[in-house]
Number of protein chains: 2
Amino acid sequence: MGIDVLVVDDERLIRAGLRAIIDAEPDLRVVGEASDGAEVPGQVARLRPDVVLMDVRMPRLDGIQATRSLLAGAAPPKVVVVTTFENDEYVYDALRAGASGFLLKRTRPEEILQAIRMVAHGDTLLFPAAIRALAAEHARPAGNGADWHRRLTEREADVLRLVAKGRSNAEIARELFVSPQTVKTHVGNVLAKLQARDRTQAVILAYETGFIAPG
Amino acid sequence: MGIDVLVVDDERLIRAGLRAIIDAEPDLRVVGEASDGAEVPGQVARLRPDVVLMDVRMPRLDGIQATRSLLAGAAPPKVVVVTTFENDEYVYDALRAGASGFLLKRTRPEEILQAIRMVAHGDTLLFPAAIRALAAEHARPAGNGADWHRRLTEREADVLRLVAKGRSNAEIARELFVSPQTVKTHVGNVLAKLQARDRTQAVILAYETGFIAPG
DNA sequence: GCCGCCCTCCCCCGTGCGGGGGAGCGGGCC
DNA sequence: GGCCCGCTCCCCCGCACGGGGGAGGGCGGC
């Protein structure tokens, strides 16, 4: 019961964001992270995840090679390759290497979660599906069902939204009718939960994970 | 010669980003800004812009009403309505109100510029065009032809890219093999050019204007 | 030649920010 | 009743950050 996920990405920021999103789900769990394709086989052998969420571009050993070597082993996990652009030439290589699917990094959180569940149950996400997901993203009005709210409390989410609008702590305090100290507490909690060093990194995570949408 | 543009948006950040993009073009010029639909008629009468770039959602008087009142006047400017989602119900109202076109905020800078030129020359941007622009956005690999490079020097753009990755000044200094003071200088210049108060706002602008893409 | 821009580096200074504590209060759960 | 948790507010502290200057070298345009 429950799907164990290994997150592989060379960007610490992205890993933190994905972890936050995934761990918010009751049926999903991040059992480990790797920052490099070369670390993947060891982590997989040790942690035995059900699904590996793997970035394409990484130093040393890229996601394609890592996928290939993984799938060659015994009882391999499902692999979802995460890429930035859908016409990335790596995508075709990823499918040939045996990936069960791939996602765009700009995909909305709930779609990432759905994708993990799908491949865990044996489904395959094909190229057009990613396109459709993308289209669906834009078809959705403002009902962005971002999901790490469950990790962030409502108040913390309020604060993050304002941080992501460029507001200072003092401004946020005025807008929320609380003291600056309170805002500092919330911001501190947000940073801790997102594993961000400062508000700038928090904003980046908010954009990268779809907590807020550009435009 | 040259197209005069009035930028209307309640978000100071967005206005600054659009101004930076537009003013970088030799044939375009931002002659003024308005933060509210109610300010628009006065600004138009005073500045007589060729094109008004107008946000839909604004306090007091929204972009639709502002467009309607503008088009009712003598020698009205062309109006391009800027919206967040293409299925926004306001869009149809905008076209009925007499807008010459509309854009998605997530549209790439160069497409925004092209749109301004098109409507100034009497062309009309229809709904499908926005969709196509959107599709084209994703079809484009990494060749993001962001345009405010002309305002930002190359070095400044380098620094902004790293700032937008969450790096501290010291980290940027190490990565670029220069002293922290130099980085501070560049960051300061970037903030000034983007009219951003701090690095957090600069990152927001970078995302909102498409200087960097999420994912 | 000179001027202007870009890149580099330096000083000082104030402060917003983030980390470390702690604390009171309400509501929900057991 | 006790416990946990979210929200609120407070202290202290160190430091990275941003604003204000200035300065020198390289390079291209006028």
Side-chain angles (χ1 to χ4, degrees), chain A residues 12-13 16-17 20 23-24 26 146-206 211, chain B residues 12-13 16-17 20 23-26 146-206:
Chain A
R12 186 182 143 283
L13 234 42
D23 274 342
D147 253 324
W148 59 3
H149 295 118
R150 273 171 241 174
R151 296 213 80 188
L152 259 38
T153 66
E154 273 194 47
R155 210 51 168 166
E156 285 160 0
D158 290 341
V159 170
L160 177 55
R161 266 185 287 273
L162 290 170
V163 168
K165 286 197 163 197
R167 306 285 200 276
S168 70
N169 288 342
E171 288 169 344
I172 294 172
R174 283 194 292 274
E175 291 187 46
L176 296 184
F177 301 105
V178 295
S179 92
Q181 272 76 0
T182 301
V183 175
K184 284 186 60 174
T185 302
H186 288 317
V187 170
N189 290 337
V190 168
L191 296 184
K193 287 184 178 177
L194 300 189
Q195 297 177 43
R197 183 175 54 193
D198 51 41
R199 62 208 295 110
T200 304
Q201 289 191 350
V203 168
I204 294 168
L205 271 173
F211 178 77
Chain B
R12 186 184 144 283
L13 233 42
D23 274 342
E25 296 299 296
D147 255 323
W148 59 2
H149 295 118
R150 272 171 242 175
R151 295 215 82 188
L152 259 39
T153 67
E154 272 194 48
R155 211 49 169 165
E156 286 161 358
D158 291 341
V159 170
L160 177 54
R161 266 186 286 274
L162 290 170
V163 167
K165 286 197 162 196
R167 306 285 201 276
S168 69
N169 287 344
E171 288 169 344
I172 294 172
R174 283 195 292 274
E175 291 186 48
L176 296 183
F177 302 105
V178 295
S179 93
Q181 328 302 8
T182 302
V183 175
K184 284 186 59 175
T185 302
H186 289 316
V187 170
N189 290 337
V190 168
L191 296 184
K193 286 183 179 178
L194 300 189
Q195 299 176 44
R197 183 175 52 194
D198 51 42
R199 63 207 296 111
T200 304
Q201 290 192 351
V203 168
I204 293 169
L205 271 172

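The sequence lines fix the lettering, A, B, ..., with proteins before strands; numbering per chain opens at 1. From a predicted model like this one, the values you see are computed outputs, not experimental measurements.
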Please tell me if the side chains of [X] and [Y] come closer than 4.5 Å, counting only heavy atoms from C-beta onward.
{"X": "Val187(A)", "Y": "Asn169(A)", "answer": "yes"}
{"X": "Glu171(B)", "Y": "Leu162(B)", "answer": "no"}
{"X": "His186(A)", "Y": "Leu176(A)", "answer": "no"}

From Ile204(A) CD1 over to Ile204(B) CD1, what is the distance, rounded to the nearest 0.5 angstrom?
->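 Output value for this atom pair is 10.5 Å.
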When rounded to the nearest 0.5 angstrom, what is the spacing between OG1 in Thr185(B) and CD in Glu156(B)?
->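 The distance works out to 10.0 Å.
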Report the C-alpha distance between Arg161(A) and Asp158(A) in whole Å, list the side-chain angles of each, state the deciding distance to 0.1 Å, and finish with yes or no for side-chain contact (heavy atoms from CB on, under 4.5 Å).
-> CA-CA 5 Å; Arg161(A) 266 185 287 273; Asp158(A) 290 341; 3.0 Å; yes
Can a donor-acceptor pair be found, under 3.5 Å and without considering hydrogens, that links the side chain of [X] to the backbone of [Y]?
{"X": "Arg197(A)", "Y": "Gly166(B)", "value": "yes"}
{"X": "Arg199(A)", "Y": "Arg167(A)", "value": "yes"}
{"X": "Asn189(B)", "Y": "Ala192(B)", "value": "no"}

Provide, to the nearest angstrom, the distance between the CD atom belonging to Glu171(B) and the P atom belonging to dA16(D).
->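 These atoms are roughly 11 Å apart.
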Between Glu154(A) (CD) and dC5(D) (P), how many Å, whole number?
->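 Computing the Glu154(A):CD to dC5(D):P distance gives 18 Å.
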Begin with the C-alpha distance, continue with both residues' side-chain angles, and end with the deciding distance and a verdict on side-chain contact (heavy atoms from CB on, under 4.5 Å) for Thr182(B) and Arg155(B).
-> CA-CA 10 Å; Thr182(B) 302; Arg155(B) 211 49 169 165; over 6 Å; no
Quantify the bending of the helix from dG1(C)-dC30(D) to dC30(C)-dG1(D) as the angle between its end axes, each fitted on five pairs, to 10°.
->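 The helix from dG1(C)-dC30(D) to dC30(C)-dG1(D) shows an end-to-end axis angle of 40°.
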Show the distances under 3.5 angstrom between N or O atoms of the protein and N or O atoms of nucleotides 16-18 of chain C.
unit_1, atom_1, unit_2, atom_2, d
dC17(C), OP2, Asn169(A), N, 3.3
dG18(C), OP1, Arg199(A), N, 2.6
dG18(C), OP2, Arg199(A), NH1, 3.0
dG18(C), N7, Lys184(A), NZ, 3.2
dG18(C), O6, Lys184(A), NZ, 2.6

Please write out the pairs of protein N or O atoms and N or O atoms of nucleotides 8-10 of chain D separated by less than 3.5 Å, giving the distance to one decimal.
unit_1, atom_1, unit_2, atom_2, d
dT8(D), OP1, Arg155(A), NE, 3.2
dT8(D), OP1, Arg155(A), NH2, 3.1
dT8(D), OP2, Arg155(A), NE, 3.1
dT8(D), OP2, His186(A), NE2, 2.8
dC9(D), OP2, Ser179(A), N, 2.6
dC9(D), OP2, Thr182(A), OG1, 2.6
dC9(D), O5', Thr182(A), OG1, 3.3
dC9(D), N4, Thr185(A), OG1, 3.1
dC10(D), OP2, Gln181(A), OE1, 3.4

